[in-house]
Amino acid sequence: MKNEELIALYFEGKLNTSEKARFEDLLQNDANFKAQVTLEEEVKTAIISTKKDDLRQRLQQLEQPKKKSKYYIIAIAASIVIAFGVFGLLQSKETLSNQELYAQYYEPYSNIIAPASRGDELKDEKSKAFRYYDTKDYKTALDKFNSLYDTTQESYYLFYQGVCELELSNTQNAIAIFKSHQNYTDKLFTQSNWYLALAYLKANNTKDAKVLLKTISIEKSYNYKAAQHILKNLK
């Protein structure tokens, strides 16, 4: 099977066990393959964003003040009804893949541990680590968080390691780290559930993703409304 076919099956969530193993191996060891997967993810994210923006712009255009007549107002009302009807139909008919759902709902968690202020000096390793994170240097931040966790055993470093691994497309590493973080009940515990569910989605592990998303939804914990929306789209 060609790499392009393997990537296509990945985004459709149709990889079997052996294909998943080959995919993960290529993702970890083949830089060109990883770059191709990343590009595909970015394209899908852009398409989803464009769809939303296009509908929003069309509705805004309809709302622009113009010379009004009875027939114009009727036309505007009809257009809005049709627009929302079509959008609702697309929402109900279109089935998003796991990768598209991940792209739609994922964003890196903000730095709530050591937020920087303008002019702050980087006096310690903790501040340096989170500065790398804030500037999206996730590789360096990951190394720093790993070292800091080893020396301090502060559980929040594990959580941010997991986010870095997702940003670097090391999905299986992220899953392992978030699962380790589940052993702690710190203030990032429920956020960790959410990111673990997203990591499962990215890995096309729909079964485990559903279990976590249902838990998040029932407990109404972090991002529970988003969890409910994803569950409606999952097969």
Side-chain angles (χ1 to χ4, degrees), residues 3 7 10-11 23-46 49 98-99 101-205 212 222-223 226:
N3 287 351
I7 292 171
Y10 168 72
F11 282 108
F23 181 90
E24 291 295 338
D25 180 65
L26 287 170
L27 196 65
Q28 295 291 334
N29 300 304
D30 188 327
N32 290 331
F33 183 83
K34 182 175 181 179
Q36 190 173 353
V37 173
T38 301
L39 177 61
E40 290 284 348
E41 288 177 338
E42 291 173 350
V43 169
K44 287 181 180 293
T45 302
S49 178
N98 288 356
Q99 304 309 308
L101 286 169
Y102 173 83
Q104 184 173 340
Y105 287 96
Y106 171 79
E107 60 180 7
Y109 193 69
S110 59
N111 165 18
I112 64 169
I113 304 299
S117 299
R118 184 174 297 178
D120 279 358
E121 292 183 18
L122 301 181
K123 296 180 180 180
D124 55 40
E125 290 303 307
K126 177 179 177 179
S127 299
K128 291 178 183 177
F130 280 99
R131 181 64 60 87
Y132 284 121
Y133 182 84
D134 289 337
T135 57
K136 303 185 186 303
D137 184 351
Y138 295 110
K139 178 64 173 67
T140 306
L142 176 62
D143 293 339
K144 295 284 186 183
F145 290 146
N146 183 49
S147 176
L148 285 163
Y149 175 72
D150 286 343
T151 56
T152 68
Q153 294 298 297
E154 290 285 0
S155 57
Y156 54 76
Y157 289 125
L158 272 179
F159 173 80
Y160 283 98
Q161 282 181 56
V163 177
C164 288
E165 293 285 16
L166 283 178
E167 287 289 339
L168 296 168
S169 294
N170 299 327
T171 312
Q172 294 302 324
N173 289 351
I175 289 171
I177 290 170
F178 285 127
K179 287 175 73 174
S180 294
H181 184 257
Q182 297 293 291
N183 294 320
Y184 298 91
T185 53
D186 60 16
K187 61 183 179 181
L188 292 171
F189 177 77
T190 57
Q191 289 90 328
S192 182
N193 274 338
W194 166 252
Y195 280 92
L196 179 55
L198 289 182
Y200 282 137
L201 266 186
K202 191 174 184 182
N204 282 318
N205 184 345
L212 266 180
Y222 180 76
N223 269 0

Side chain to side chain donor-acceptor pair (under 3.5 Å) filter on Asn205, not counting sequence neighbours, yields Asp208
Worksheet entry | Ring-ring centroid check Phe145 Tyr156, cutoff 6.0 Å | no
**Study point:** Pair Phe130 + Tyr160: ring centers closer than 6.0 Å
**Key:** yes
Rounded to the nearest 0.5 Å, how far does [atom2] of [Y] lie from [atom1] of [X]?
X      : Y      : atom1 : atom2 : result
Ile177 : Leu142 : CD1   : CG    : 6.5 Å
Leu198 : Thr171 : CG    : OG1   : 11.0 Å
Lys187 : Thr185 : NZ    : OG1   : 13.5 Å
Gln36  : Leu26  : CD    : CG    : 10.5 Å

*asked:* Between Asn204 and Gln99, is there a side-chain donor-acceptor contact under 3.5 Å, judged purely by atom types and distance?
replied: yes
Worksheet entry | Distance-only donor-acceptor check, side chains Gln161 and Tyr149, under 3.5 Å |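 The criterion, which ignores hydrogens and geometry beyond distance, is not satisfied for Tyr149 and Gln161.
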Are side-chain heavy atoms of [X] and [Y] found at a separation under 4.5 Å?
X      : Y      : answer
Gln182 : Asn193 : yes
Tyr157 : His181 : no
Val163 : Tyr106 : yes
Phe189 : Ser155 : no

- Query: How are the rings of Phe23 and Phe33 set relative to one another: parallel (under 30°), tilted (30 to 60°) or perpendicular (over 60°)?
  - Reply: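 It falls in the perpendicular class, over 60°.
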inquiry  = Considering only residues two or more places apart or on different chains, which pairs with a residue in residues 144-169 satisfy salt bridge (charged side-chain N to carboxylate O under 4.0 Å, His left out)?
reply    =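 Non-adjacent pairs meeting salt bridge (charged side-chain N to carboxylate O under 4.0 Å, His left out): Glu125-Lys144.
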> Hey, is the main chain of Leu148 close enough, under 3.5 Å, to the side chain of Thr152 for a donor-acceptor pair?
Replying inline: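 Checked: pair present.
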Original post:
Just by distance, do the side chain of Lys34 and the backbone of Leu168 share a donor-acceptor pair under 3.5 Å?
Top reply: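 Yes.
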Next item on the list: Mark yes when over 12 heavy atoms from residues, nucleotides or ligands other than Glu107 sit less than 6.0 Å from its CD; otherwise mark no.
Entry: no
Would you call Lys139 and Asp143 a salt bridge, using N to O less than 4.0 angstrom? yes
Correct closest heavy-atom pair for Ala141 and Ala129 would be CB-O, 3.8 Å
